[in-house]
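Worksheet: the structure to be examined is printed underneath.
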Amino acid sequence: MAKVNQNNIRNFCIIAHIDHGKSTLADRLLEATGTISQRDMEEQLLDTMDIEKERGITIKAQAVRMSYQAKDDKEYILNLIDTPGHVDFSYEVSRSLAACEGALLVIDAAQGVEAQTLANIYIALENDLEIIPVINKIDLPSANPDKVKEELIDIGLDPDDAVLTSAKEGIGIDELLEVIVNRVPKPTGDKDKPLKALIFDSLYDPYRGIISYYRVIDGLIKPGMEIKMMATNKVFEVDEVGTFSPKMNKTNSLSAGEVGYLAASIKEVKNAQVGDTITDAKNPTEEALPGYQPAKPMVFCGLYPVDGKDYDNLRDALDKLKLNDASLTFEPETSEALGFGYRCGFLGLLHMEIIQERLEREYKLDLITTAPSVIFKIYKEDGEVLEIENPANMPERQEIEKIEEPYVEAKILLPEEHVGSAMELAQNKRGQFKNMEYLDQIRVRLTYEIPLSEIVLDFFDKLKSRTRGYATFDYEFAGYMESDLIKLNILVNKEAVDALSCIVHRDFAYEIGKELTKKLKEFIPEQMFKVPIQAAIGNKIVARQTIRAKRKDVLQKCYGGDISRKKKLLKKQKEGKKRMKQVGSVEIPQEAFMAVLKIDDN
Amino acid sequence: MDRFGLYIHVPFCLRKCYYCDFNSVSFNEKLSKSFLNALNKEIDLLAQKYNPSIRTIFIGGGTPTILGAKELRLILDKCYNSFKIEKDIEITIETNPGTLDEKKLSSLKEGGVDRLSFGVQAFDDDILKRIGRIHTVEQAVKNYYLARKIGFDNISLDLIFNLPGQTLKDWEGTLKEAMNLDPEHLSTYNLKIEEETKFYSLIEKGELTYPDEDLDLEMYNLSLDILKSFGYEDYEISNFAKRGYRSKHNQIYWKNEGYLGVGPGAHFYDGSGRGSNLRDVKEYSNSLLNDKLPIENYNKLSKEDEIEEEMILGLRLKEGVSISDFNNKYKRSIFDIYGPTIKILKTKGLLEVNERRVFLTPKGRLLANRVLADFILT
């Protein structure tokens, strides 16, 4: 491969509100540059996991290198870095953006500027990226590019910079490529300085170990070199480097400005974490790149196999996922109700759902997941301090001197008109108002301190619904604070079910008890006998519901020998049972363990 | 040569009853002609394909007796001429009491029909009207005695309970009336609201509510009490018979044995796969005009399919599933496959096992869906 001239490299990402056409646009760029032929194109190539395709979200970052013959007759290397799109992964997003100089901001020509568009601009500006607005889907009958251009003015972008495209129809793609070349700044690193490269993602390969995705800032990297990960000081010898086409393509070296991968027989992802700086072990750079944060799980839940025999399989599966996911943690725990399982730590709720789904799909495990929780600090009368991530482990009340819970500083970005209802929600969720500022004429930033335990339940979903999707939300850990918390026990058929208990604020305990028992009544199917559901604080019952007994459940005849309908119904019933756990004499379905998430506010 | 039951579907009705979602359209002369021609053709093609020996014939619908005596006889004759007919064959026809007369009944008797299934549903004219039946109680009773007079000595009554507005007392009245007629066999089914029925749309509109589950249970228990006290055996969850009068045809379904099906939408199980015919009468007839069997879908059954079907069908019978028959048929012990399931269901009091059979307890019958779901393997 010819030596790459740094002046001819452009590194950029695409950011967009969901469904505004990010993946299709990426596909068209790959086609137009001949990186991949239309024939080989699997739709939306960059989202490779099934879950990503189904949910239409990107979980892992991806990168691809295109070569483009521009109108100035020079050949350019265009590196497109695709980013995850969810608040759980905001750290990963920020590291991906830090590897770029420019961002294509995709806006749907019919929908216009939406909630996430604003948030994306914000993140891009924080990373000093050159923003190129792309008004996409101009082929739609309802497209109104002029209106979108006016909206661009409102959010501080120059409408004359916007490129009009229809990724679906292939309109405007050539023009866009020229704009990328002309507007995205060239990389500024120095290839003669010591190696300095930013890891923005990785994947696990069973044969070669961890494959790191990185951007070279300064210097050069090549096989045989000894590299050091600056966060962990671990040293590895590089086996292979290369670029993405989008398949991995081995090269002799990569130098300042380039984006690629390396394999160095790294066994665990914790030794090559996102955000870490790679340097030359023999000639290290003085200072690591800013912004590295070790992965830290914030949300915890119990994962239990429905069938106890799957316990070892669950551990093996978690081990495998962990190889490629530094933020996943797990340790064994035992529940009286659910048996043996693992308490697992995640970045956030989406991360939790994704891991759960991958365990079920890729490893064929039937699991019960308990409601998410955070780490509480319990100061006992005898001076001992406990860190509890499972409500079931909370000591007796009389042993406790005080309890502290984690708070986050939450920043909510939203149009002015929704401020009232967002503030109401934040207050309902025990938020303490800190600040409100106008970013421009319409955009407001609210800052609250809110207990993380409220956030992990369903704060973001509720915020979105109250603001019709216009609010975006980000948070960072703000420290532990004392709270008047108590444990709410749930009794099913007069027996306490540890996996259903939760830690709540005293002022809300009655209300939550009432709502939770109501929800449990909805979720737990009728059994052969009457089942009382009770909420209790200590020994005091604060709420009660009763599930009536199922006494008859018989199918109609199979008329004329048609048993297909009957079988379908029985299969459905069986499928439902798969996700049920026998607790005492009662069968409790998965949804019940998440019931606390389904409680309505107000 | 394989032995089969034969189901013949007549897809016509005068009008649709409000609870019914079976495959039927309103009767018209032209459509009926093409249907009858197609049926002849289909019987020929099946005779060629399977060379079957026919153990039972069941003519259902729709309303088979909407056809004339001549047409019905032609169908039967076609079967006799094309298939090998076993000596002790049972031939049942479903009858709507509103479509019978002496001539038709006599002709059916002459044609070899030896069992009648009377669609009475309820002995209460108000209720019959409310569920869209075209006949009265009087017609049902009159035609029942007519059939007796003509010599039918194996008659079954179809009854439905928990109909809209029906009280426990009403149901008791219907059961007592039925006992007065002294039939050999009864089928009692609880009303289930199916989509694409008039009742379903009434529920959607809020003009009707779903049948009450507690009442359903009381009515079922009442049927058990009354019918058993009159000497009927509850040989299947919804079926009752005097000694020696179980339905041979329906037992073929429950014992997971083979049956062929002719007519639009008819289902069949040929011993290695299950399938069904095109439902639309025109499409069905056109296919046969082109000498093609009108099969809409057909799936070969895996071993697991066969085994789970053996269980979910067999357990509906009072005697349940025979342990040795199961072993012989599948070359595996029932306990190898279902050991833990059977054990759990036993402790819950839903299933019983003795040296010879696995069967539902009375409580298990009431919760049959839940028990049967546990036997699904696929």
Side-chain angles (χ1 to χ4, degrees), chain A residues 305-311 339 364 366 492-493 495 521-531 546-590 592, chain B residues 5 7-9 22-23 58 60-61 187 189-192 194 213-214 216-218 220-221 236-239 249-250 252-254 256 259-261 263 265-269 274 276 297 299 305 308-309 312-313 316 344 348-350 363 365-378:
Chain A
V306 171
D307 184 343
K309 285 192 298 248
D310 279 335
Y311 179 76
K364 306 266 179 283
D366 291 324
V492 175
N493 206 20
E495 279 176 62
K521 184 182 171 180
E522 263 174 50
F523 291 135
I524 299 177
E526 290 167 357
Q527 315 278 319
M528 284 155 48
F529 41 85
K530 210 161 69 175
V531 180
T546 306
I547 300 171
R548 40 179 276 164
K550 184 81 185 172
R551 295 156 69 202
K552 184 163 182 276
D553 184 8
V554 188
L555 279 177
Q556 264 291 14
K557 58 178 170 180
C558 42
Y559 185 80
D562 175 10
I563 76 156
S564 54
R565 253 202 267 180
K566 173 181 176 136
K567 204 165 151 177
K568 208 165 130 195
L569 202 133
L570 292 174
K571 274 191 177 178
K572 215 172 122 199
Q573 212 158 359
K574 166 95 179 179
E575 208 47 47
K577 276 195 175 180
K578 257 194 196 166
R579 303 263 299 186
M580 284 208 228
K581 190 87 185 176
Q582 182 90 30
V583 178
S585 50
V586 181
E587 281 176 332
I588 303 183
Q590 163 67 56
Chain B
Y7 175 74
I8 301 175
H9 189 76
F22 293 149
N23 189 28
F58 191 103
S187 299
Y189 295 105
N190 60 336
L191 175 67
K192 187 155 173 285
E194 301 288 353
E213 202 181 281
D214 290 330
D216 196 287
L217 178 69
E218 287 179 60
Y220 182 71
N221 284 336
E236 194 262 357
I237 290 176
S238 304
N239 286 278
H249 184 81
N250 282 337
I252 288 177
Y253 299 149
W254 298 317
N256 204 20
Y259 52 92
L260 302 177
H267 286 250
F268 60 92
Y269 170 47
R274 289 189 187 273
S276 64
N297 60 65
N299 294 308
D305 282 322
E308 72 190 14
E309 285 169 12
I312 65 177
L313 293 164
R316 286 186 65 104
I344 292 170
K348 287 186 182 169
L350 298 172
K363 189 166 154 196
R365 292 182 117 193
L366 295 177
L367 296 166
N369 279 358
R370 299 194 168 198
V371 180
L372 300 183
D374 285 347
F375 285 91
I376 295 285
L377 299 170
T378 57

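The model shown is predicted, which means the values in this text are computed figures rather than measured ones. In what follows, every chain begins at residue 1, and chains take the letters A, B, ... in the order their sequences are listed.
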Residue selection (most heavy-atom pairs with chain B, distance under 4.5 Å) from A:E575, A:K572, A:K571: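 So the answer, after comparing A:E575, A:K572, A:K571, is A:K571.
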
Verdict with reasoning, B:R370 to A:E587, per salt bridge (Lys or Arg N to Asp or Glu O under 4.0 Å): CA-CA 12 Å; B:R370 299 194 168 198; A:E587 281 176 332; 5.8 Å; no

Any side-chain heavy-atom pair of B:R274 and A:K567 under 4.5 Å: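 B:R274 does not reach A:K567 side chain to side chain.
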
Any side-chain heavy-atom pair of A:Q582 and B:I344 under 4.5 Å: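 No, every pair of side-chain atoms sits at 4.5 Å or beyond.
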
As an exercise, state the distance from [atom1] of [X] to [atom2] of [Y], rounded to the nearest 0.5 Å.
X	Y	atom1	atom2	result
A:K550	B:L366	NZ	CG	11.5 Å
B:L377	A:K574	CG	NZ	7.0 Å
B:N369	A:K566	CG	NZ	8.0 Å
B:D216	A:R551	CG	CZ	10.5 Å
A:K552	B:N190	NZ	CG	4.0 Å
A:L569	B:I312	CG	CD1	10.5 Å

Structural part of [X] lying under 4.5 Å from a heavy atom of chain A:
X	result
B:K348	both
B:E236	neither
B:F268	neither

Minimum-distance pair of heavy atoms, taken over all atoms of B:A373 and A:L570: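 In this case the closest contact between B:A373 and A:L570 is CB-O, 3.7 Å.
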
Residue among B:I252, B:D305, B:N299 with most heavy-atom pairs under 4.5 Å to chain A: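 Ranked by contacts with chain A, first place is B:D305.
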
More than 12 heavy atoms from other groups under 6.0 Å of CD on A:Q527: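 Yes, the 6.0 Å shell around CD holds more than 12 heavy atoms from other groups.
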
Contacting moiety of A:S585, where chain B heavy atoms sit under 4.5 Å: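 Neither part; nothing is under 4.5 Å.
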
